[in-house]
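Each chain gets a letter, A, B and so on, in the order its sequence line appears, and its residues count up from 1. Because the structure is a prediction, the values reported are computed rather than measured.
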Amino acid sequence: MEEFLETDPLLVRKKKLLDLIKSGEEPFKKRFARTHIIESLREKFGGIASGTETGEIVRIAGRLMTFRYHGKATFADIRDGSERIQLFTSRDVLGEKLYKKFCDLDIGDIVGIEGEVFKTRRGELSVKVQKYELLAKALRPLPEKWHGLRDIETRYRQRYVDLIVNEQVREIFIIRSKVIKLLREFLDKKGFIEVETPMLQPVPGGATARPFITHHNALDMDLYMRVAPELYLKRLVVGGFEKVYELNRNFRNEGISVRHNPEFTMLEFYQAYVDYNDMMDLVEDLLNYVVINVKGTLIFEYQGMELNFEKPWERLTMLEAIKEYGNLEVSFDMEVDELRKIAESSGVDVKPYYGKGKLITEIFEKTAETKIAGPVIVYDYPEEVSPLAKKKKDAPYLTEHFEVIAGGLEIGPSFSELNDPVDQAERFKEQVNLLKRGEEEAQHYDYDYIRALEYGLPPTGGAGIGIDRLVMLLTNMHSIREVILFPHLRPESRVDED
RNA sequence: GGGCCGUUAGCUCAGCUGGUAGAGCAUCGGACUUUUAAUCCGAGGGUCGCAGGUUCGACUCCUGCACGGCUCACCA
């Protein structure tokens, strides 16, 4: 009878695994002592001349990415978290038996290598495999070596595969990590302290958004996943922490889009005794610090737009921004009906309870926002849409609230925080009325927050930065999912088994 | 939620106006001691997203469903 030759990669590998176990080998080891990561190997030996043997024995580990067999000699590529490097070995180096076993390894296997560093005649820095260990057997084959993994759904569902084979993807998340580090670094240097406030909140607050509701069994009560940390951070300013920040996740039970993920990362920071003008300067400095350290320049392209972070940024009131970028003249002197008409003809889905402020904000978002390459500071948001910001003294229908717009995206809000408990209570009441009228995004009345304000919140400036959107700008990504490691997807109908 | 588009081998993709599937990489067998998209010879591999329908015959046409993408709506 002819021997059955299995060619299905998964089955072939499972058989290899069983054979290894049968022969007494451990295919999943617990440690391997490395002398170098590949990057440091390249730094140290990259300069040597072609054809040089260094005599230096090193130990590296990583995933096998390709094989190039040449009969009694073989080349392979191995990659660790830092870099890739070529491996070389031959029957003469390993001996017949071990060489054959080495050739039996698969693409994707995690191995530890010991051997001499040398450079081939063609100038490729390499490690000669004199000893090796299989550290973890890969049972599944990797995607194709030069197209990588393209299928977007698989890339998001199996991000681990995406990261193995698509270098640019790994780059995005390295940049993301840098951005977060730089933000912390900047604020720490300025004397801010980082705090953690509840993500499970009895009253959701701090943003106009629908919350996720969850339940605490032992207390038998509903809790809300936070939509923002804002109200807790301001309680801390009441408590005497004059410079605080929090950098973590918010959750909003709303639509998913290229700009929205149900959980997203936000930086919020608050400083006592300053107003939104000071915050404009601080936000400029903060983002400059991040951009220059990530990009090496303050001017760069995002999705066909040229962004320029050089100071000072353009600063426009919302009405000016509508005029400049939306080519529309609107003002608070207009009648509501007139504003409603303009909003409708701009494509706004006008709801009956919208007042002048909401209408103008909608017109701004519809006609101007997406056209702003920026960054531009758009300031003086209507009181109607900003229930936590201080009113302008000479124009109480406006608030001292600005927003950084860049690449057509809202990067973050900032305002002179409302510290008058009487006014704040009034605003909460307005919000509760909206809630009752079916505006599910409206804010809830937070009695304890009012009580905190009654103890005295110093004049305070606050700001937020949407981290995901900032990373989108810096990595030139159109979709927020490209900058979130595991973006939200519907569950798979069925996962492959056995 | 609406509209448009997509789903074919492990991966990347072809597949015309309907005649029951192809390539490259990967895998398997063979040759090969300096390659790097190694090369050369040979082989296996598909419920063509799922379920119905039309038809002598469906990857192809129709309907529904699932998942995904874009977009609108929604959304600090």
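Donor-acceptor pairing under 3.5 Å, judged by distance alone, is present between the side chain of A:His260 and the base of B:C75.
Searching all strands for a Watson-Crick or G-U wobble partner of B:G64 with both distances below 3.5 Å returns B:C50. The base-pairing partner of B:U39, taking Watson-Crick or G-U wobble contacts with both distances under 3.5 Å, is B:A31. Base-pair partner of B:C13: B:G22 (Watson-Crick or G-U wobble, both distances under 3.5 Å). Across all strands shown, B:C75 has no partner, as no Watson-Crick or G-U wobble contact with both distances under 3.5 Å is found.
When the P atom is compared between B:U27 and B:G68, the two are found 31 Å apart, to the nearest whole Å. Nucleotides B:C70 and B:A31 have their P atoms positioned 50 Å apart, rounded to a whole Å. On the P atoms, B:C75 is 49 Å away from B:G19, given to the nearest whole Å. Remark: the separation of the C1' atoms in B:U55 and B:C61 is 10 Å, to the nearest Å. B:C41 sits 14 Å from B:A23 when the P atoms are compared, rounded to a whole Å. Here the separation of B:C67 from B:A21, taken at their P atoms, is 31 Å to the nearest Å.
In the set B:U33, B:U71, B:A38, the nucleotide with an atom closest to the side chain of A:Arg91 is B:U33. The nucleotide whose nearest atom lies closest to any side-chain atom of A:Asp92 is, among B:C25, B:C28, B:U33, B:U33. Side-chain atoms of A:Ser479 lie closest to B:C70 of the nucleotides B:C70, B:G45, B:C11. Residue A:Arg68 places its side chain closer to B:U36 than to any other of B:U12, B:U33, B:U36. Residue A:Glu124 has its side chain nearest to B:U36 when only B:C11, B:U36, B:U33 are considered. When the nucleotides B:U12, B:U27, B:A26 are ranked by their closest atom to the side chain of A:Pro141, B:A26 comes out on top. Nearest nucleotide to the side chain of A:Leu489, out of B:U27, B:G68, B:A73: B:G68. Side-chain proximity of A:Arg157 to B:G68, B:A26, B:U36: nearest is B:G68. With distances taken from any side-chain atom of A:Arg150 to the nucleotides B:C13, B:C11, B:G44, the minimum falls on B:C13.
B:A14 atom P lies 13 Å from atom CD of A:Glu144, rounded to whole Å. When rounded to the nearest whole Å, the span between CD1 of A:Ile107 and P of B:C11 equals 15 Å. With rounding to whole Å, A:Arg13 atom CZ is found 8 Å from B:C28 atom P. One can place CD of A:Glu153 at 15 Å from C1' of B:C11, the figure rounded to the nearest angstrom. Going from atom CD of A:Glu362 over to atom C1' of B:A73 covers 12 Å, rounded to whole Å. Distance A:Asn253 CG to B:C74 P: 17 Å, rounded to the nearest Å. Atom pair A:Lys72:NZ and B:U39:P shows a separation of 20 Å (rounding to whole Å applied).
The salt bridge (charged side-chain N to carboxylate O under 4.0 Å, His left out) test with A:Arg84 is passed by exactly one of A:Glu124, A:Glu39, A:Glu167: A:Glu124.
In this structure, A:Glu254 reaches the sugar-phosphate backbone alone: every heavy-atom distance under 4.0 Å involves primed, P, OP1 or OP2 atoms, never a base. A:Phe415 comes within 4.0 angstrom of a base, heavy atoms only. Contacts of A:Glu365 with the nucleic acid, taken as non-hydrogen atoms under 4.0 Å apart, are absent. Within the nucleic acid shown, A:Arg259 has no heavy atom closer than 4.0 Å to any nucleic acid atom.
Using a 4.0 Å cut-off, no side-chain N or O of A:Arg121 falls inside it from OP1 or OP2 of B:U34. Taking 4.0 angstrom as the limit, A:Lys16 places a side-chain polar atom (N or O) nearer than this to OP1 or OP2 of B:C28. Remark: A:Lys145 is not in phosphate contact with B:C11, judged by side-chain N or O atoms under 4.0 Å from OP1 or OP2. Between B:G68 and A:Arg490, a contact under 4.0 Å exists linking OP1 or OP2 to a side-chain N or O. For B:G68, the OP1/OP2 oxygens have no side-chain nitrogen or oxygen of A:His488 closer than 4.0 Å.
The distance between the ring centers of A:His401 and A:Tyr276 does not fall below 6.0 angstrom. Taking the six-membered ring where the residue is Trp, the centroids of A:Phe428 and A:Tyr445 are separated by under 6.0 Å.
Looking at residues two or more places apart in sequence or on another chain, you find no ring pair (Phe, Tyr, Trp, His ring centres under 6.0 Å) involving A:His36. The salt bridge (Lys or Arg N to Asp or Glu O under 4.0 Å) test applied to A:Asp8 returns no partner, not counting sequence neighbours.
Between the side chains of A:Thr197 and A:Glu246, at least one donor N or O sits under 3.5 Å from an acceptor N or O. Between the side chains of A:Arg176 and A:Thr265, at least one donor N or O lies within less than 3.5 Å of an accepting N or O.
When each of A:Glu230 and A:His478 is assigned the nucleotide of RNA chain B with its nearest heavy atom, A:His478 is the one assigned upstream, toward the 5' end.
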Task: Test log, rule side-chain hydrogen bond (donor to acceptor under 3.5 Å, both in side chains), inputs A:Asn250 and A:Glu263 - done: CA-CA 6 Å; A:Asn250 290 345; A:Glu263 53 180 299; over 6 Å; no

